[in-house]
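Structure record follows, encoded as structure tokens.
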Amino acid sequence: MEEINQLIRERRRKLEELRRIGIDPYGSRWEVNALAGELQQRYRETPATVLETEPVSVSLAGRVMTLRDHGKATFAHLQDRSGQIQIYLRKDILGEETYQLLKLTDIGDLLGITGHLFRTRTGELSVWVQGFRILTKSLWPLPEKWHGLVDVETRYRQRYLDLVANPEAAMIFTRRSQIIREIRDFFDQRGFLEVETPMMQGVAGGAAARPFMTYHNALGIDLYLRIAPELYLKRLLVGGLDRVYEINRNFRNEGIDTRHNPEFTMLEFYQAYADYRDLMALTEEMVPHLCRTILGTEQLTYQGERINLSPPWPRLAVAEALRKVGGVQEEDLGDIERVRAVAGHRGIQVKAEWGWGKLLDELMAHLVEPHLIQPTFLVDFPLELSPLAKQKPDDPRLAERFELFVAGMELVNAYTELNDPQEQRRRFQEQLQERERGDEEAHRMDEDFVRALEYGMPPAAGEGIGIDRLVMLFTDSPSIRDVILFPQLRPKGEGIGPPGSSDVV
RNA sequence: GACCCGUUAGCUCAGCUGGCAGAGCACCUGCCUUUUAAGCAGGGGGCCGCAGGUUCGAAUCCUGCACGGGUCACCA
């Protein structure tokens, strides 16, 4: 890249100057014994006089975020993973030669410093620098200090800049990590075993979705990136691992919007000898627990809506929800033609080949789900939409299944697992017919899975939780792209931006 | 896929009904030993997303394309 602007040229000049005087502009280790944010915390109340009489020596490293040259003294702010602290550098302390290095220092450079804490005249906790070294020279100017990085596209494509310039962005990903750690803890304490099952599968099963395809050279076979881990986790139930969970990526070859990224993180867990009611209770316990741990309360605000996660949460049967929330007459729900007519009246487009269950689902999506702001369990879904779920004993058209909605978002999908191999085979065959009728998302037959069921899978219930959406909720993020470090974008420019994270060929 | 909005300096943004490309931050030079959106004086920096068209003249109007955002559709 030869066509560089003056800002880059200037920084390269400084870099060469550093080399010329024998300083490696890409240095090595620095002994760090303090963090900016932790110092701010610990010495928040400590008065200046105490810092004088009992000096605190520190050595830290971080990125220069501001630089104020006052001639024979200079102020700067150093940012590390914990936050920022001001540093104060004086010519009479550092000596002529070292102080001159500041001329070769820019905002964005990484510095290692040693010194002791003091308070400035205005009371800001700062480091009185006794020595410093340029650890890494930065060749590009950082985004502006006041507004930060605003451009959404740049924030996604160059997330590192977002993380450096926008503390809120760093906070979101810190919180994401906390949430996942807390979930692991929750399940570990309840005797669940964390497992990892294949992400490359010969049959992409466990959900209704179109997969990404890939190819294994040595085996000479097509493989699919998984759309769900479900069928493998249930094989583990057969194997006697009665409580398992997995937190990892699923891949679905679908459109991208504020709630969908082609790869997304899912928690799935399975508990033997439980049914979907047990999982509602567990979910009702876990989500408020997470909220308390992360936010310190069971209330949160999402995009201006106050949401109260305190249990218990209402449980609405699908038919009941369509009646109460959707305003649909009960007598219109039982018959496929009348359901179709209702959709027509409400301006909802439907396809001729859709069955009763799919039509109900579509009505739910339009008339009910967007209105479920406070946590609500929708229960008893049409069986035809749930080919892996157990039938409801008292209503053969329904499955023992629930979904949790919060802020109009589907957060959770769970059901009592079907463990009758013959019935499972019959359901798969139905799905195959759907496929033949053109439904590319219908489930595929998985003989190996049916065989596993034939050995005997304990009665069980399983659940999937969309981690990205959960993080959206807990960080008040309007788009799933705000909680995924490198969301999928169209490639742009000549090699600028992150490499495609899902390598679809 | 349809519609709406956006794309101007490294960043954040102005730029009216077409008339020499602007500001703040950042950068460079000088001054400044407790500043903090430091200050003062001076200076440099542009493929106005890309390609066409209209016009004496286009950042500005028109068309197409690219990328991003949003709504809808598709999609659990």
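It should be emphasised that the depicted structure is a prediction, and the values quoted were computed from it without experimental measurement. All chains are named by letter (A, B, ...) in the order of the sequence lines, taking the proteins before the strands, and each is independently numbered beginning at 1.
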Determine which nucleotide pairs with [N], using a 3.5 Å limit on both distances of a Watson-Crick or G-U wobble pair.
N: B:U60; answer: none
N: B:C3; answer: B:G70
N: B:U35; answer: none
N: B:G30; answer: B:C40
N: B:G24; answer: B:C11

Under 4.0 Å, counting only non-hydrogen atoms across every strand here, what does [X] touch: a base, just sugar-phosphate, or nothing?
X: A:Lys103; answer: nothing
X: A:Arg155; answer: nothing
X: A:Thr258; answer: sugar-phosphate
X: A:Arg252; answer: sugar-phosphate

Practice problem: Go through residues 37-54 of chain A and report each residue with a non-hydrogen atom lying under 4.0 Å from RNA chain B, sorted by number. | Solution: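 Output list: empty, so none.
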
Quiz item: Looking at residues 65-72 of chain A, who's got a heavy atom less than 4.0 Å off RNA chain B?
Solution: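 Those residues are A:Arg68, A:Asp69, A:His70, A:Gly71, A:Lys72.
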
Under the rule for salt bridge (Lys or Arg N to Asp or Glu O under 4.0 Å), what residues qualify as partners of [X], not counting sequence neighbours?
X: A:Arg159; result: A:Asp162
X: A:Asp275; result: A:Arg277
X: A:Arg44; result: none

Quiz item: Are the charged groups of A:Lys390 and A:Glu400 less than 4.0 angstrom apart, N to O?
Solution: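 Result for this pair is no, no salt bridge flagged.
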
Practice problem: Inspect the contact between A:Asp92 and A:Arg90 and indicate whether a charged nitrogen and a carboxylate oxygen are less than 4.0 angstrom apart. | Solution: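 A:Asp92 and A:Arg90: salt-bridged.
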
Write down the distance separating the [atom1] atoms in [N] and [M], rounded off to the nearest Å.
N: B:G6; M: B:C61; atom1: P; value: 10 Å
N: B:A23; M: B:G42; atom1: P; value: 14 Å
N: B:C74; M: B:C47; atom1: P; value: 44 Å
N: B:U54; M: B:U63; atom1: P; value: 15 Å
N: B:C28; M: B:A9; atom1: C1'; value: 15 Å
N: B:U33; M: B:G24; atom1: P; value: 26 Å
N: B:U17; M: B:U55; atom1: C1'; value: 16 Å
N: B:A14; M: B:U8; atom1: C1'; value: 10 Å

Exercise. Could you name each residue pair satisfying ring-ring contact (aromatic ring centres under 6.0 Å, His included) that touches residues 47-101 of chain A, not counting sequence neighbours?
Key: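 Only A:His70-A:Phe75, A:Phe75-A:Tyr88, A:Tyr88-A:Phe118, A:Tyr88-A:Trp128 qualify under ring-ring contact (aromatic ring centres under 6.0 Å, His included).
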
Quiz item: Judged by atom type as modelled, is there a donor-acceptor pair below 3.5 Å linking the side chain of A:Arg68 to the main-chain atoms of A:Thr74?
Solution: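 The answer is no, because no donor-acceptor pair under 3.5 Å joins these two groups.
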
Quiz item: Would one find a side-chain N or O of A:Arg121 under 4.0 angstrom from OP1 or OP2 of B:U35?
Solution: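 So the side-chain polar atoms of A:Arg121 do come within 4.0 Å of the phosphate oxygens OP1 or OP2 of B:U35, strictly under.
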
Quiz item: Under 4.0 Å: is that the gap between some side-chain N or O of A:Lys14 and OP1 or OP2 of B:C28?
Solution: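 The answer is yes; a side-chain N or O of A:Lys14 sits under 4.0 Å from OP1 or OP2.
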
Practice problem: Check ring-ring contact (aromatic ring centres under 6.0 Å, His included) between A:Phe377 and all other residues, then give those that pass, not counting sequence neighbours. | Solution: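 Partners of A:Phe377 under the ring-ring contact (aromatic ring centres under 6.0 Å, His included) test: A:Trp313, A:Phe402.
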
Atom [atom1] of [X] to atom [atom2] of [N]: distance rounded to whole Å?
X: A:Tyr156; N: B:G6; atom1: OH; atom2: C1'; value: 15 Å
X: A:His260; N: B:U71; atom1: NE2; atom2: P; value: 12 Å
X: A:Leu102; N: B:U33; atom1: CG; atom2: P; value: 14 Å

Practice problem: Keeping to residues at least two apart or across chains, list the salt bridge (charged side-chain N to carboxylate O under 4.0 Å, His left out) pairs with something in residues 121-138 of chain A. | Solution: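 Of all non-adjacent pairs touching residues 121-138 of chain A, those that pass salt bridge (charged side-chain N to carboxylate O under 4.0 Å, His left out) are A:Asp106-A:Lys137, A:Asp109-A:Lys137.
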
Exercise. If a pair satisfies salt bridge (charged side-chain N to carboxylate O under 4.0 Å, His left out) and one of its residues is in residues 362-378 of chain A, list it, with sequence neighbours excluded.
Key: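 Output for this query lists A:Lys358-A:Glu362.
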
Quiz item: Taking only residues at least two apart or on different chains, which pairs with a member in residues 377-388 of chain A satisfy side-chain hydrogen bond (donor to acceptor under 3.5 Å, both in side chains)?
Solution: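 Those involving residues 377-388 of chain A are A:Tyr276-A:Asp380, A:Asp380-A:Lys392, A:Ser386-A:Arg401.
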
Quiz item: In chain order, what residues pass the side-chain contact (heavy atoms from CB on, under 4.5 Å) check against A:Glu96, with sequence neighbours excluded?
Solution: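 Expected list: A:Lys91, A:Gln100.
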
Self-check item: Aromatic A:Trp356 / basic A:Arg397 pairing, under 6.0 angstrom, 45° off normal
Solution: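 Geometry flag: set, cation within 6.0 Å and 45°.
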
Under 3.5 Å, which N/O atoms of the protein pair with N/O atoms of nucleotides 9-11 of chain B?
from  : atom 1 : to       : atom 2 : distance (Å)
B:G10 : OP1    : A:Asn5   : ND2    : 2.9
B:C11 : O2'    : A:Glu144 : N      : 3.1
B:C11 : O2'    : A:Gly148 : O      : 3.3

Quiz prompt | Donor/acceptor link under 3.5 angstrom from A:Glu153 side chain onto base of B:U7 | solution =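 No, no donor-acceptor pair under 3.5 Å.
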
